[in-house]
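Letters go in sequence order (proteins before strands), and every chain restarts at 1.
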Amino acid sequence: MSNQTWTDRAWNFFSSMKLGLILLLVIAVAAIAGTVIPQNQPPQAYGSSYELYDALGLTDMYHTWWFLVLLALLSMNLLVCSVHRFGALQRQFSALPAAKKAEDLRSLATKATSVQPGSVDAVAATIATRWQQAGYRVQRQSDGETQLIAADKGRWGIWGSLITHLGMLVLLAGAVVSTYMSTEDQAPLEVGQQVALSELGGLLGAPSNVAIQVKDFKTIYREDGTIQDWLSTLTVLKDGQEQLTQTIEVNQPLYYEGYKFYQAFYGANMVTHVTGPNGESRDVRLEEGEAVQVPGTKLAVMLYRYVPDFDPAIAPQTKSNEPNNPRVIYVVYEGMKQIDVGAAQIGVPETLPGGATLGIVSHRPYTGLLIRQDPGVNIVWLGCAILLVGMGLSFYLPYRRIWAAIEPKGAQATIAWAGISPKNKVAFVDEFHRLTETKPDVAKENDDGLE
Amino acid sequence: MGWSENLLFYLTFALYGIASLLYVSYLALRKPYLAQSGYWITVAAVTTNTAALVLRYLIAGYLPLTNGYEFLLAFSWGIAATYLIAERYYRIPLAGAFVVPVAWLILAYVAMLMDPVSRASRPLMPALQSNWLTYHVITAMVAYGAFAFSFGVGVMYLWKKSAIKSGRTTGIGAHLPSPERLDEIGYRLIAAVGFPLLTLCIITGAIWAEFAWGRYWAWDPKETWSAITWLIYAAYLHARHTFGWRGNRAAWMAIIGFMAVLFTFFGVNYFLTGLHAYAKS
């Protein structure tokens, strides 16, 4: 018995709209905190507040337990509300609105009265036909001498709100799957290199017989030297057999059995050989912007930029994307001071100030791949689709109900009309007057309008 | 920017200014010809605004919605075009005095605070080369236009209410449409236009992010603020349907909602940092 009360109480708690409204606003306010406090920064970034922030979960707020509890409560609320309302919506959807007598119609907001010549039956038949032609579901019944008509339209709109909420639930479920089941890692690969997915630590549970190989990688420049795109031609290998070859670029990833390969970053390794004036030498792999100390001197060489088609007239821009005259522009520093600039040919040693030499042995561009596997994505898209269908029904197919009560008055019939469309009042008033062939209350409209 | 782009921009800016002046005069004097001319000047402004966007499209070679200047130009277009359509539908020219100046102020912001370099068209970074970005920004533009309008209607509502409360029978307040009508128009703007399109805007943005970065949602400040705006309007709709929050409360929520829209657009770029940083300037 007490168990019953407990579940009843829980049910009432979660089916309450007040809870839903409070949750929407609390989540909105909490989310603001996460945009003001920088997220996922190293402890130093928060200074002395770090311990407090860390204890409250504010350094990774959107994944902290209390934020997830709020989302879980919202999900429970969505689910319980949907179940709670299902029966009533089903009844409203399948049954026509109940007939209403003239005195009941007077209490509704949108109403009118009129008098028409003809018998009650004839007038009622005309109205019923007119409403049917307007796409309404019509039901006629007699109440003594009176004829009562009830009709409705747009009943699919009844489901709009419920479908919207279910879409939101599916979306949140997809987000949970993404959070807990997605895996990702990055791989910088030079042309010709390959890596098995299972070798990438971030891709937990990846098959060990699937590998990705880079067949080609190009950076496409515009005339003004800015980068237009990066193109990587990738081959997927399974047990060493080619499965699929495709060129990817930014915004166009490759898909293979649940894994997506994105063009995420790029760079180049330059195998560099520097020899000091004393003959001491050093071999390093450098990327653009990195520097190496020249042995036995106070000098350092920074490799500024690789230019595929060097032309002194437009350097450091490139003349074309083709490696017609590949050079590496370097800068020689003494302390913080630039003392020399040059453009080294690949494989040809350059003499630096003070008798040192710089040799760029090779330039090996690499493409930076982001490899991601996320079983939640499609669930999220499904949720979005359901959400949009629900919203479409809810906002663009408003449910409308209309009634008429026709009473005899001598040779004529007096008609009391009324209608309801809670979600689209203004447009409905026009439709109501069209359907009832009545005019809006002029005195009231004047009060409403401007002119 | 070339002279033709500059010409179109300043022409649009001037026309919105004149239309705002006419509508505000109409508010004070209520001569119908003022509202009439305000309407047609706004039509002219939307035309030059459209021409400015088309010209930018021809120069840049992509839909002009990627830097701050382009989006503001589109934002003012969205607000004014929404107003023109709603004006044909609801016939409330007084709203022009509350809505058209918002479009003008947005271009005033461009004219006064944006240097020529940041207005110029720039080559697109690779991540921005996506059709989803276009859908993302177009839906944002229409949604923001509707929210701006609902904000104007909310202000009108509060004005009207205070006029009724003080019993004034003359002046601007007395000539505003009835509170019920304003309340209903504000609601329809949010429910039928703003909210569904904001939803689409967020979803298309998520699809684009999935293609570009492999993450449909990253809690980047701009994303988060768009979600906050969405939550505020969702709360508005629920409060209205289940607790019958109308009138003052609804008007205030429409005002707060539009503040969140403005913060999502301007505030995030200037106060917070994130992936959307390229939209700055």
Side-chain angles (χ1 to χ4, degrees), chain A residues 17-18 20-21 24-25 27-29 31-32 34-36 38-39 61-63 161 174-175 178 184 220 222 224 226-230 249-253 260 262-264 370-372 374 376-377 380-381 384-385 387-388 391-392 394-396 422-427 444 447-451, chain B residues 30 32 90-94 122-130 132 175-178 180-181 184-185 187-188 191-193 195-196 199-200 203 206-208 210-217 219 221-222 224-225 227-232 234-235 238-239 241-243 260 268 271-274:
Chain A
M17 256 309 304
K18 202 177 245 171
L21 195 57
L24 288 179
L25 293 174
I27 292 170
V29 170
I32 294 174
T35 64
V36 176
Q39 299 290 295
M61 214 206 77
Y62 304 110
H63 300 102
S161 143
S178 284
E184 76 169 50
I220 309 294
R222 295 192 185 86
D224 65 358
T226 57
I227 289 167
Q228 186 180 347
D229 213 346
W230 297 283
E249 57 187 292
V250 179
N251 274 317
Q252 281 182 22
K260 291 183 193 173
Y262 293 87
Q263 180 66 58
L370 171 74
I371 302 156
R372 200 171 152 74
D374 183 350
V377 178
V380 168
W381 296 155
C384 288
L387 185 78
L388 289 174
M391 280 195 176
S394 196
F395 295 125
Y396 302 114
K423 284 191 177 167
N424 191 15
K425 285 184 184 151
V426 169
K444 192 172 171 289
D447 181 48
D448 253 27
L450 259 182
E451 283 80 19
Chain B
R30 288 182 301 282
Y90 292 115
R91 301 259 159 225
I92 38 163
L94 279 180
R122 275 188 306 240
L124 284 183
M125 55 182 277
L128 294 179
Q129 299 161 12
S130 164
W132 288 106
H175 286 83
L176 292 169
S178 73
E180 295 73 33
R181 188 125 184 272
E184 180 67 17
I185 292 170
Y187 163 69
R188 289 296 295 171
V193 188
F195 190 67
T199 310
L200 265 178
I203 292 174
I207 295 174
W208 171 39
E210 174 68 21
F211 276 110
W213 297 289
R215 297 296 290 268
Y216 57 85
W217 193 263
W219 293 107
K222 195 119 182 165
T224 308
W225 267 95
I228 291 165
T229 309
W230 191 87
L231 288 168
I232 292 172
H238 285 91
H241 287 156
T242 42
F243 297 113
V268 171
F271 300 121
L272 309 167
T273 54

Using heavy-atom distances under 4.5 Å, tell me whether [X] contacts chain A through its side chain, its backbone, both, or neither.
{"X": "B:Trp132", "result": "neither"}
{"X": "B:Ala206", "result": "both"}
{"X": "B:Ile185", "result": "neither"}

Could you measure the distance from the [atom1] atom of [X] to the [atom2] atom of [Y]? Nearest 0.5 Å is fine.
{"X": "B:Tyr216", "Y": "A:Ser178", "atom1": "OH", "atom2": "OG", "value": "2.5 Å"}
{"X": "A:Met17", "Y": "B:His241", "atom1": "CE", "atom2": "NE2", "value": "10.5 Å"}
{"X": "A:Ile27", "Y": "B:Leu231", "atom1": "CD1", "atom2": "CG", "value": "6.5 Å"}
{"X": "B:Arg215", "Y": "A:Leu370", "atom1": "CZ", "atom2": "CG", "value": "9.0 Å"}
{"X": "B:Glu210", "Y": "A:Lys260", "atom1": "CD", "atom2": "NZ", "value": "3.5 Å"}
{"X": "A:Thr35", "Y": "B:Trp219", "atom1": "OG1", "atom2": "CH2", "value": "11.0 Å"}

* To do: Kindly say whether B:Phe211 contributes a backbone atom to a donor-acceptor pair with the side chain of A:Tyr262 at under 3.5 angstrom?
  => no
Which atoms of [X] are under 4.5 Å from chain B, going by heavy atoms: the side chain, the backbone, both sets, or neither?
{"X": "A:Val29", "value": "neither"}
{"X": "A:Met391", "value": "side chain"}
{"X": "A:Glu184", "value": "side chain"}
{"X": "A:Ala264", "value": "neither"}

* Asked: Any side-chain heavy atom of A:Tyr62 within less than 4.5 Å of one from B:Thr224?
  -> yes
